[in-house]
S.K.: 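The following block contains the structure, expressed as structure tokens.
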Amino acid sequence: MSEAYFPVGPGLGLEENFLSLDDILMSQEKLPGRAESTLPRLAFALGQGAGTGDSIPEGSKLEIPLWLAKGLHDSKRRIISVELPKIYKEAWRTVFSADANVVDLHKMGPYYYRFGSQLLNFDNPENPEIAQTILQTFISRFRRIMDSSQNAYNEDTSALVARLDELERALFRAGQKGLNDFQCWEKGQASQITASSLVQNYGKRKFTDMDG
């Protein structure tokens, strides 16, 4: 029986995949910002007006969904300015550099890595530090995540994954599935070991890039 929905992977880096449910949800995350000019007919959409024709005055503080902030952002025309969410600011970057494993990423933002990568689309002098922190956080947490996925066979893993962001949860599930497939193969309950979907998708993207 075929699946009704085939999961589509998220985009990579600064790009989004608009067929991916993960990317659609991630793009709804909000950024603090400020209107640098009057924004006509946007007050209702941003929850700041009673009617669809209301405008947002210049200087107003905003909470803007990522997809709209990217659409309005223009380095030449000062339409809006955006601020960093607190988890990407210097104080939290210091926490991550000290011990990234103590942070509850899901509580702070379920799309920490993807949302942080999208912030690099905006002109910000702290972008190099943000990118470095995101990378080092992933490296620091990756080994513990995969070790946990391999050492929790047939156990309740809800407590283990509660503090992970969505990307880390996907990695954890991939590790669990790989272990389960290996156990089945080892017991003679599977005819062969197949490549994981993550590896297959990576291979498809690589060949597509070569063809381009």
Side-chain angles (χ1 to χ4, degrees), residues 8-98 100 102-141 163-170:
V8 177
L12 298 175
L14 300 178
E15 300 300 323
E16 294 176 67
N17 186 339
F18 292 104
L19 297 178
S20 166
L21 290 180
D22 280 329
D23 275 355
I24 292 172
L25 292 173
M26 181 270 295
S27 70
Q28 300 298 320
E29 295 285 313
K30 293 185 177 179
L31 279 166
R34 181 178 182 273
E36 299 296 340
S37 60
T38 300
L39 303 178
R41 298 183 297 279
L42 278 181
F44 183 76
L46 294 176
Q48 296 192 15
T52 56
D54 292 348
S55 299
I56 296 177
E58 179 181 346
S60 300
K61 291 186 176 181
L62 307 170
E63 288 287 327
I64 320 169
L66 174 65
W67 64 267
L68 182 57
K70 288 175 66 176
L72 293 176
H73 178 70
D74 189 322
S75 58
K76 296 180 180 179
R77 297 172 57 205
R78 297 283 291 175
I79 301 174
I80 62 166
S81 59
V82 297
E83 302 173 11
L84 292 177
K86 65 179 182 179
I87 196 173
Y88 300 100
K89 291 183 178 179
E90 184 178 3
W92 272 100
R93 295 202 302 266
T94 302
V95 173
F96 282 114
S97 63
V102 304
V103 181
D104 186 340
L105 275 191
H106 201 268
K107 181 179 180 180
M108 299 302 295
Y111 297 97
Y112 170 75
Y113 298 108
R114 292 174 189 151
F115 192 72
S117 297
Q118 291 296 312
L119 293 180
L120 304 180
N121 283 293
F122 303 99
D123 300 324
N124 190 305
E126 298 180 60
N127 277 355
E129 289 79 10
I130 294 171
Q132 183 66 19
T133 298
I134 292 172
L135 176 60
Q136 290 304 318
T137 297
F138 181 79
I139 293 172
S140 298
R141 292 167 63 99
R163 297 166 63 85
L164 307 181
D165 105 313
E166 292 299 324
L167 173 61
E168 293 174 336
R169 290 183 176 189

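Position 1 is the first residue of the sequence, and the numbers go up from there.
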S.K.: I want to check something: taking the side chain as every heavy atom from C-beta on, are His73 and Asp123 in contact at a cut-off of under 4.5 Å?
M.R.: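 Of all side-chain heavy-atom pairs linking Asp123 with His73, at least one is under 4.5 Å.
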S.K.: Nearest 0.5 angstrom please: Ser97 OG to Glu129 CD, how far?
M.R.: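 That separation rounds to 12.0 Å.
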S.K.: Kindly say whether Glu83 contributes a backbone atom to a donor-acceptor pair with the side chain of Arg34 at under 3.5 angstrom?
M.R.: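 Checking the backbone N and O of Glu83 against the side chain of Arg34, no donor-acceptor pair under 3.5 Å is found.
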S.K.: Could you check whether any side-chain heavy atom of Leu72 comes within less than 4.5 Å of a side-chain heavy atom of Leu42, counting everything from C-beta outward?
M.R.: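 Yes. Closest side-chain heavy atoms under 4.5 Å.
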S.K.: What are the two closest non-hydrogen atoms of Pro57 and Ser60, and how far apart are they?
M.R.: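 Heavy-atom minimum between the residues: O-OG, 2.8 Å.
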S.K.: Just how far is it from atom CG of Asp22 to atom CD of Glu166, taken to the nearest 0.5 Å?
M.R.: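 Asp22 atom CG to Glu166 atom CD measures 6.5 Å (nearest 0.5 Å).
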S.K.: Can you tell me how far apart OH (Tyr111) and NE2 (His106) are? Round to the nearest 0.5 Å.
M.R.: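 Interatomic distance, Tyr111 OH to His106 NE2, rounded to 0.5 Å: 7.5 Å.
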S.K.: Tell me the closest heavy-atom pair linking Ala100 and Thr137, and the distance in Å.
M.R.: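 Reported closest heavy-atom pair: CB-CG2, 4.0 Å.
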S.K.: Going by heavy atoms in the side chains, are Ile134 and Phe115 under 4.5 Å from each other?
M.R.: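 Of all side-chain heavy-atom pairs linking Phe115 with Ile134, none is under 4.5 Å.
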S.K.: Search all heavy atoms of Glu168 against all heavy atoms of Arg141 and return the closest pair with its distance.
M.R.: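 Taking Glu168 first and Arg141 second, the nearest heavy atoms are OE2-NE, 2.7 Å.
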S.K.: If you look only at distance, which donor and acceptor atoms sit under 3.5 Å apart when one is on a side chain in residues 85-94 and the other is two or more places apart or in another chain?
M.R.:
residue, atom, partner, partner atom, Å
Tyr88, OH, Tyr112, O, 2.7
Tyr88, OH, Gly116, N, 3.2
Arg93, NH1, Tyr88, O, 2.9
Arg93, NH1, Glu126, OE1, 2.9
Arg93, NH2, Glu126, OE1, 3.0
Thr94, OG1, Glu90, O, 3.0

S.K.: Which heavy-atom pair separates Thr38 from Glu58 by the least distance, and what is that distance?
M.R.: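 Closest approach of Thr38 to Glu58, heavy atoms only: OG1-N, 3.9 Å.
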S.K.: To the nearest 0.5 Å, what is the distance between CG on Asp54 and CZ on Arg41?
M.R.: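 If we round to the nearest 0.5 Å, Asp54:CG and Arg41:CZ are 11.5 Å apart.
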S.K.: Using 0.5 Å steps for rounding, measure from the CD1 atom of Ile64 to the CG atom of Leu39.
M.R.: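 Answer rounded to 0.5 Å: 8.0 Å.
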S.K.: Which atom names give the shortest non-hydrogen contact between Glu36 and Ser81, and what distance separates them?
M.R.: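 The answer is OE2-OG, 2.7 Å.
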S.K.: If we only count heavy atoms from C-beta on, is the Glu29 to Pro110 side-chain gap below 4.5 Å?
M.R.: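 Yes, at least one pair of side-chain atoms sits under 4.5 Å.
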S.K.: Taking all atoms of both residues into account, what is the closest heavy-atom pair of Ala43 and Ser55, and its distance?
M.R.: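 That would be CB-O, 3.8 Å.
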S.K.: When you measure from the side chain of Asn127 to the backbone of Phe122, do you find a donor-acceptor pair of N or O atoms at a distance under 3.5 Å?
M.R.: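 Pair found, side chain donor or acceptor close to backbone of Phe122.
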S.K.: Supply the atom-to-atom distance Leu66 CG to Lys70 NZ, rounded to the nearest 0.5 angstrom.
M.R.: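 So the CG of Leu66 and the NZ of Lys70 are separated by 5.5 Å.
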S.K.: Evaluate the side-chain proximity of Ile130 to Leu84: yes if any heavy-atom separation is below 4.5 Å, no if none is.
M.R.: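 Yes, at least one pair of side-chain atoms sits under 4.5 Å.
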S.K.: Using the rule given for side-chain contact (heavy atoms from CB on, under 4.5 Å), can you reason through Leu119 versus Val82, listing the C-alpha separation, both sets of side-chain angles and the distance that settles it, and then say yes or no?
M.R.: CA-CA 9 Å; Leu119 293 180; Val82 297; over 6 Å; no
S.K.: Side-chain contact test, heavy atoms from C-beta onward, threshold under 4.5 Å: evaluate it for Leu105 versus Phe96 and give yes or no.
M.R.: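 In contact.
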